[in-house]
Structures are given as C-alpha cells and as structure tokens.
2 protein chains.
Amino acid sequence: MIIDIEKSLRRRGIPLTHQRLAIYARLKRSKEHPSAETLHRALKRRYPSLSLATVYKTLQTLHGLGFISLVNQPHAQARYDALTKRHHHAICEACGAIEDLFNKRLDRLPTPPVPRGFKITGHSVHFRGLCARCARRTRRSKP
Amino acid sequence: MIIDIEKSLRRRGIPLTHQRLAIYARLKRSKEHPSAETLHRALKRRYPSLSLATVYKTLQTLHGLGFISLVNQPHAQARYDALTKRHHHAICEACGAIEDLFNKRLDRLPTPPVPRGFKITGHSVHFRGLCARCARRTRRSKP
DNA sequence: ATTCTTGCAAACGGTTTGCACATAC
DNA sequence: GTATGTGCAAACCGTTTGCAAGAAT
C-alpha cells in the first residue's frame with residue numbers, strides 16, 4: 001500500500017521520513033479531499049510535533065512526484081465572469097488563462113450514477129491543457 | 001446592455017452607484033475572467049478613487065443577485081487527493097464537500113471545437129448541487 | 001559527514017471588515 | 001433625512017519562506 005511510495009522515493013534518492021509516510025498514508029485513507037489544515041489536525045493527535053508547514057511542503061513534494069493530485073489550486077485568486085449562461089472552460093495549465101467553450105453536446109451530458117442522495121443541479125466540463133501562446137512557448141523551449 | 005442591471009437594482013431598491021455600473025460594465029466587456037485586482041487596475045485609470053475593497057464588495061453583491069458568476073471561489077483553500085487516476089467530481093454548493101465520481105462515458109467525451117491553438121491534454125466533469133446531508137437540511141428549512 | 005527535511009516564526013498575498021464620510025433615494 | 005455604499009487601514013486566513021536544529025542516507 002505505502003510500499004509504492006517508499007520504493008519510489010528510495011529510487012529517486014529522496015529521503016523517506018516519518019512525516020512524509022504519515023501524510024501520504026492519511027491522505028490515501030481519506031475520501032473527503034482534505035485540505036492541508038484538515039490533514040494536519042488529523043495527524044497532530046498521533047504526531048504532536050508535526051507542523052503545518054511540513055504538511056504543505058510534503059503535499060507539494062508528493063504532488064511534484066505525481067503521487068497526489070490537487071482538487072483546487074493553492075492560492076488561486078478568485079476570478080469573475082459576467083457570462084452566466086451555461087458554458088464550459090478550457091484552462092491553461094501553464095499560465096492559468098481560462099477560455100470559454102460553448103457546446104450543446106456538453107450541455108446535455110447524461111447524468112451519471114451519483115453518490116447516494118446527491119441532488120445535481122448543474123454541471124460543467126473543464127478541459128485542461130495549454131493555450132495557444134503557452135503551447136508555442138513550450139514547443140520552442142523543448143529542445 | 002447595462003440597462004438590465006439598472007432596472008434590476010432599481011426594482012429591488014438597491015442603490016445604483018457609479019462604481020457598481022462601472023465594475024459590471026467592465027466585467028461584461030472582459031473575456032478573460034478577470035480577478036478583482038485586474039478589474040481594479042483597469043478601472044483605476046478612469047475612476048482613480050475607486051478602492052479595491054469596493055470592487056470586492058460589488059462583486060459579492062452582483063454575484064448574490066445572480067448577475068455574475070465565479071470561476072473560482074475567493075479564499076478557497078487547496079484540497080488534495082491521493083487518487084490520481086481519472087475521475088470526476090460532485091461538489092456540494094452548500095458545504096463544499098467533494099465526492100468522487102467514476103464513469104467511463106464521462107472519461108471519453110468527444111473533444112469539442114476548442115479556442116484556436118489550444119492543446120487539450122485532459123478533462124474532468126464537475127457536477128454541482130447538494131450533497132445528501134445538505135439536501136436534507138435545505139428541505140427541512142424551506143417551509 | 002553530507003544533504004535534505006523539519007519546525008518555528010515571521011512574511012506574504014488575496015480577501016474581508018470596521019468605521020467615518022459620502023451618495024442615492 | 002435615512003439607508004446604504006464607499007474608501008481607507010487594519011485585520012484575517014491560507015500559504016510560503018528563511019533559518020537553525022534534526023534526521024536520513
């Protein structure tokens with residue numbers, strides 16, 4: 001279970017600390033997509049000296065290694081839109097640009113089986129990738 | 001253009017200020033889903049006394065009235081997930097809970113026509129609504 | 001022994017708040 | 001004239017950073 005991360009860290013020469021294992025193990029057991037603070041609170045009982053800063057740093061490390069994913073970005077600033085009618089977004093992973101997308105097929109996706117009791121009122125599709133400008137720049141910088 | 005908001009504010013007895021109109025008008029002309037700061041910077045040229053706090057308050061007001069929408073939430077904290085394989089989310093608008101959703105059909109949506117030059121690398125579908133608990137609570141509190 | 005991580009406290013940046021003054025009605 | 005909004009500065013909260021002490025290799 002935790003072995004995969006142990007091996008992977010070892011292989012890359014990244015020190016294997018108690019904190020890293022504990023944080024990863026806890027996140028793996030959680031189903032609620034916890035925040036750094038939630039994780040910290042939960043782990044503090046067992047590891048009273050664990051600091052919140054370490055939780056943040058560890059989450060960054062694990063994310064960098066592809067072991068975990070972010071549901072929302074840290075420090076993302078709020079963005080507003082006067083367009084309130086249904087639409088979708090293409091989000092550039094490099095620069096954060098958000099472009100609108102209109103598409104009837106995406107508007108009427110079949111509602112999938114949902115967690116028990118969840119009342120769905122709407123949906124939107126998020127495409128991610130590189131906007132034209134960043135795609136150009138990336139191509140150039142990759143030798 | 002701006003008349004709809006003028007009427008709507010009047011009708012509700014909400015004072016119609018220059019700031020509100022200017023902020024809404026500017027947002028309506030923007031295609032880049034600006035942040036509060038971006039709007040403030042842009043408007044400051046024409047309204048030098050406009051404060052950032054007013055921009056924030058106005059955006060809240062307009063959002064409350066349904067005139068604008070939020071692309072990301074202000075002060076949303078980062079949330080993490082040890083599940084890195086493809087999946088989708090159902091997000092509760094009341095409590096912010098995020099539930100995982102697995103669905104093959106959603107995994108392979110047809111790629112729609114995209115803004116010129118945008119390179120898509122992936123997508124995910126966000127359903128919004130009320131989780132079981134909040135749905136129950138809402139029903140109870142609505143007489 | 002060396003290199004990388006941890007924990008602390010201070011700094012940071014975006015957002016909110018409290019309050020005196022100004023404006024819309 | 002009253003109620004509400006505005007602008008300012010301070011507070012706030014989540015996240016990051018600098019650094020001395022500690023742990024992993």
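To find a chain, count down the sequence lines: A is the first, B the second, and so on, and within it residues start at 1.
- No close placement of the A/H123 and B/H126 rings is indicated, their centers lying 6.0 Å or farther apart.
- Side-chain contact check for B/H88 and B/D107: at least one donor-acceptor pair (N or O, by modelled atom type) lies under 3.5 Å.
- A/L59 has its CG atom 11 Å from the P atom of C/dT6, to the nearest Å.
- To the nearest 0.5 Å, the span separating CG on B/L62 from NZ on B/K28 amounts to 11.0 Å.
- The shortest distance between side-chain heavy atoms of B/I14 and B/R20 falls below 4.5 Å.
- Looking at B/V114 and A/F127, their side chains never come closer than 4.5 Å, going by heavy atoms from C-beta outward.
- Within the nucleic acid shown, B/A76 has no heavy atom closer than 4.0 Å to any nucleic acid atom.
- Between the C1' atom of D/dG7 and the CD1 atom of B/I23 lies a distance of 12 Å, rounded to the nearest Å.
- Contact check, B/Q77 against D/dC13: no side-chain N or O comes under 4.0 Å of OP1 or OP2.
- Nucleotide C/dT5 holds its P atom 10 Å from the CG atom of A/L9, rounded to whole Å.
- Scanning atom types as modelled, one donor and one acceptor separated by under 3.5 angstrom connect the side chain of B/H75 and the base of C/dG14.
- We find that CZ of A/R11 is positioned 17 Å from C1' of D/dT25, with the value rounded to whole Å.
- Put simply, CD on B/Q73 is 15 Å from C1' on C/dT16, counting in whole angstrom units.
- Proximity of residues 12-20 of chain B to DNA chain C (heavy atom under 4.0 angstrom from any strand atom) is restricted to B/L16, B/H18.
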Pair up each side-chain donor or acceptor in residues 36-47 of chain B with any protein partner under 3.5 Å, not counting sequence neighbours, and list the distances.
residue	atom	partner	partner atom	Å
B/T38	OG1	B/S35	OG	2.8
B/H40	NE2	B/L50	O	2.8
B/H40	NE2	B/L52	N	3.4

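- Across B/G66 and A/T84, no two heavy atoms sit closer than the pair O-CG2, 3.7 Å.
- As rounded to whole Å, 13 Å separates atom P of D/dG14 from atom CG of A/N72.
- Non-hydrogen atoms lying under 4.0 Å from DNA chain C are contributed by A/S49, A/L50, A/S51, A/A53, A/T54, all within residues 37-55 of chain A.
- Here the nucleotide nearest the side chain of B/Q60, chosen from C/dT6, D/dT25, C/dT16, is C/dT16.
- Residues A/I68 and B/D81 have side chains not in contact (no heavy-atom distance under 4.5 Å, counting atoms from C-beta outward).
- Between the side chain of B/S8 and the main chain of B/D4, no donor-acceptor pair closer than 3.5 Å is present.
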